[in-house]
Enquirer: 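Here it is, the structure, as structure tokens.
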Amino acid sequence: MLRPSTPPIPPLPPLPPLPFTPAYPLRTERLDLRPVRHDDFDAVYAYQRRPEVCRYLYWGPHDEAASRASVADKTTRTTLRESGDYLQLAVVVHETGTLVGDVTFSYTSRRHRQGGIGYVFNPEHAGRGYATEAARALLELGFEQLGLHRIQAELDGRNTASAALLERLGMRREGHLRENEFLDGEWSDEVVYAMLAREWRAGRERPSESPPTVTAGAGRARVPAPPRTGHVSDRYIRSVSWVTNPSRS
């Protein structure tokens with residue numbers, strides 16, 4: 001009896017040459033994602049110093065000196081030169097010029113075409129859909145410009161609002177790691193979400209949904225991250241998002 005043949009794998013799209021610097025800003029309907037500047041300090045410090053924003057992170061809340069060092073480091077994260085590099089970009093509203101948060105794109109593996117996304121938003125600007133819009137721009141960067149096969153995000157298991165946000169983006173829940181990290185005196189779970197390039201393409205072909213009514217709620221998300229020392233690991237970038245509503249943040 002003959003086995004059914006496996007469908008052939010379509011040819012992979014070519015990878016862009018390295019170093020790779022996106023054409024900044026990455027523009028969405030309402031937002032610009034651009035390199036962080038030193039004069040962004042006040043806006044970034046406004047949320048990095050808040051304990052509720054940093055609750056599930058390896059760092060923070062930051063004092064002024066730590067936040068200045070963080071901003072200085074972010075200003076250098078504009079180009080991908082090899083696997084393990086990452087971009088850190090300010091998220092600015094077109095209409096007002098207000099910096100509402102920052103996002104991270106990790107070029108996890110060029111060989112395996114893997115990436116990761118993360119985001120940190122000021123809760124003063126929550127509930128307007130900025131986190132979803134900015135995260136979608138990172139997915140587009142990874143799949144459309146960098147030819148990635150898979151993009152991953154990780155979050156604290158208690159963060160149901162941010163899990164719903166990732167699901168709204170079309171990302172799949174792939175795993176739940178029980179008590180895999182000891183953070184701030186307690187064991188925490190980690191949930192893994194991911195999207196494949198073919199899922200991204202299928203999602204873009206579907207008609208967009210109408211945004212649901214905003215309701216109350218809060219949450220924070222995290223993705224692959226640096227160690228508590230602040231030194232960047234070549235495997236993980238961890239970020240957080242303050243989410244008042246998973247469907248509109």
Side-chain angles (χ1 to χ4, degrees), residues 21-80 85-106 116-142 153 155 161-162 165-166 169 211 214 218-223 225-226 230 232 237-246 248-249:
T21 303
Y24 294 123
L26 304 179
R27 177 155 286 200
T28 70
E29 182 180 353
R30 299 177 297 166
L31 305 171
D32 281 340
L33 279 60
R34 59 151 174 84
V36 176
R37 305 189 304 243
H38 289 282
D39 61 4
D40 291 328
F41 167 74
D42 288 339
V44 174
Y45 181 45
Y47 54 86
Q48 286 192 340
R49 66 187 179 186
R50 298 177 71 145
E52 69 272 24
V53 169
C54 306
R55 181 180 176 190
Y56 299 128
L57 294 181
Y58 287 136
W59 55 264
H62 278 345
D63 59 18
E64 184 173 338
S67 196
R68 285 194 185 279
S70 171
V71 169
D73 183 70
K74 290 177 189 293
T75 64
T76 68
R77 308 298 180 178
T78 61
T79 298
L80 302 174
D85 282 354
Y86 58 98
L87 307 174
Q88 291 193 295
L89 307 175
V91 179
V92 179
V93 179
H94 296 162
E95 201 171 272
T96 63
T98 303
L99 191 156
V100 296
D102 64 87
V103 295
T104 299
F105 180 87
S106 174
I117 61 171
Y119 36 88
V120 183
F121 279 78
N122 189 330
E124 296 297 327
H125 304 287
R128 299 179 175 93
Y130 294 149
T132 301
E133 193 170 326
R136 187 174 289 114
L138 296 183
L139 293 175
E140 183 172 3
L141 171 67
L155 54 131
S162 285
L165 185 155
L166 295 173
L169 287 171
V214 177
R220 286 157 296 282
R222 64 182 181 176
V223 300
V232 176
I237 304 297
R238 188 180 303 273
S239 295
V240 64
S241 171
W242 180 267
V243 181
T244 54
N245 183 287
R248 295 298 303 274
S249 294

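Side chains are part of it too, since the values below use all heavy atoms of this structure and drop only hydrogens, waters and symmetry mates.
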Enquirer: CG of Leu33 to CG of Leu141: how many Å apart, nearest 0.5 Å?
Expert: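 Nearest 0.5 Å value for the CG-CG distance: 9.0 Å.
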
Enquirer: Not counting sequence neighbours, which residues clear salt bridge (Lys or Arg N to Asp or Glu O under 4.0 Å) with Glu140? List them please.
Expert: none

Enquirer: Less than 3.5 Å apart, any donor N or O on the side chain of Asp102 or Tyr47 sitting next to an acceptor on the other?
Expert: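 Note: Asp102 and Tyr47 side chains meet the donor-acceptor criterion.
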
Enquirer: Shortest non-hydrogen contact from Pro61 to Cys54?
Expert: CA-SG, 3.7 Å

Enquirer: If every non-hydrogen atom of Thr21 is compared with every non-hydrogen atom of Thr79, which pair is closest and at what distance?
Expert: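 Between these two residues, the closest heavy atoms are OG1-OG1, 2.7 Å.
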
Enquirer: Calculate, to the nearest 0.5 Å, the distance between atoms CG and CG belonging to Leu80 and Asp85 respectively.
Expert: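 Leu80 CG to Asp85 CG: 6.0 Å, rounded to 0.5 Å.
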
Enquirer: Please give me the minimum heavy-atom distance between Tyr45 and Glu64, naming the atom from each residue.
Expert: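 Closest pair (atom of Tyr45, atom of Glu64, distance): OH-N, 3.5 Å.
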
Enquirer: Keeping the roles fixed (side chain from Glu133, backbone from Thr28), state whether a donor-acceptor pair exists under 3.5 Å.
Expert: no

Enquirer: So among Gln48, Arg49, His62, which one has a side-chain hydrogen bond (donor to acceptor under 3.5 Å, both in side chains) with Ser67?
Expert: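 Checked Gln48, Arg49, His62 against Ser67; only one passes side-chain hydrogen bond (donor to acceptor under 3.5 Å, both in side chains): Gln48.
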
Enquirer: Say whether, by atom type as modelled, one donor and one acceptor occur between the side chain of Tyr24 and the main chain of Thr78 under 3.5 angstrom.
Expert: yes

Enquirer: Does Ser70 offer a backbone N or O that forms a donor-acceptor pair with the side chain of Asp73 under 3.5 Å?
Expert: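 Pair absent, no side-chain N/O of Asp73 close to backbone of Ser70.
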
Enquirer: Which pair of non-hydrogen atoms, one from Leu169 and one from Ala135, has the smallest distance, and what is that distance?
Expert: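 Looking at all heavy atoms of both residues, the shortest contact is CD1-CB, 3.7 Å.
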
Enquirer: Can you list the steps and then say if Val36 with Arg77 is a side chain to side chain contact (heavy atoms under 4.5 Å, CB included)?
Expert: CA-CA 8 Å; Val36 176; Arg77 308 298 180 178; over 6 Å; no

Enquirer: Mind checking salt bridge (Lys or Arg N to Asp or Glu O under 4.0 Å) for Arg136 and listing every partner two or more places apart, or none if nothing turns up?
Expert: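 With sequence neighbours excluded, Arg136 shows a salt bridge (Lys or Arg N to Asp or Glu O under 4.0 Å) to no residue whatsoever.
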
Enquirer: Closer than 3.5 angstrom, by distance alone: can the side chain of Thr75 be matched with the main-chain N or O of Ala72 as a donor-acceptor pair?
Expert: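 Side chain of Thr75 to backbone of Ala72, a donor-acceptor pair under 3.5 Å: yes, one is there.
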
Enquirer: Apply side chain to side chain contact (heavy atoms under 4.5 Å, CB included) to the pair Arg34 and Asp40, showing each step before the final yes or no.
Expert: CA-CA 11 Å; Arg34 59 151 174 84; Asp40 291 328; 2.9 Å; yes

Enquirer: How long is the straight-line distance from OG1 of Thr104 back to NZ of Lys74, given to the nearest 0.5 Å?
Expert: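 If I round to the nearest 0.5 Å, the distance is 5.5 Å.
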
Enquirer: His94 side chain to Leu31 main-chain N or O, any donor-acceptor pair under 3.5 Å?
Expert: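 Here the side-chain-to-backbone pair exists.
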
Enquirer: Could you walk me through whether Leu89 and Phe105 satisfy the side chain to side chain contact (heavy atoms under 4.5 Å, CB included) test, starting with their C-alpha distance in whole Å, then the side-chain angles of each, then the deciding distance to 0.1 Å, before giving a yes or no?
Expert: CA-CA 9 Å; Leu89 307 175; Phe105 180 87; over 6 Å; no

Enquirer: Set out, in order, the CA-CA distance, both residues' side-chain angles and the distance that settles side chain to side chain contact (heavy atoms under 4.5 Å, CB included) for Phe121 and Val103, then state yes or no.
Expert: CA-CA 8 Å; Phe121 279 78; Val103 295; 4.2 Å; yes

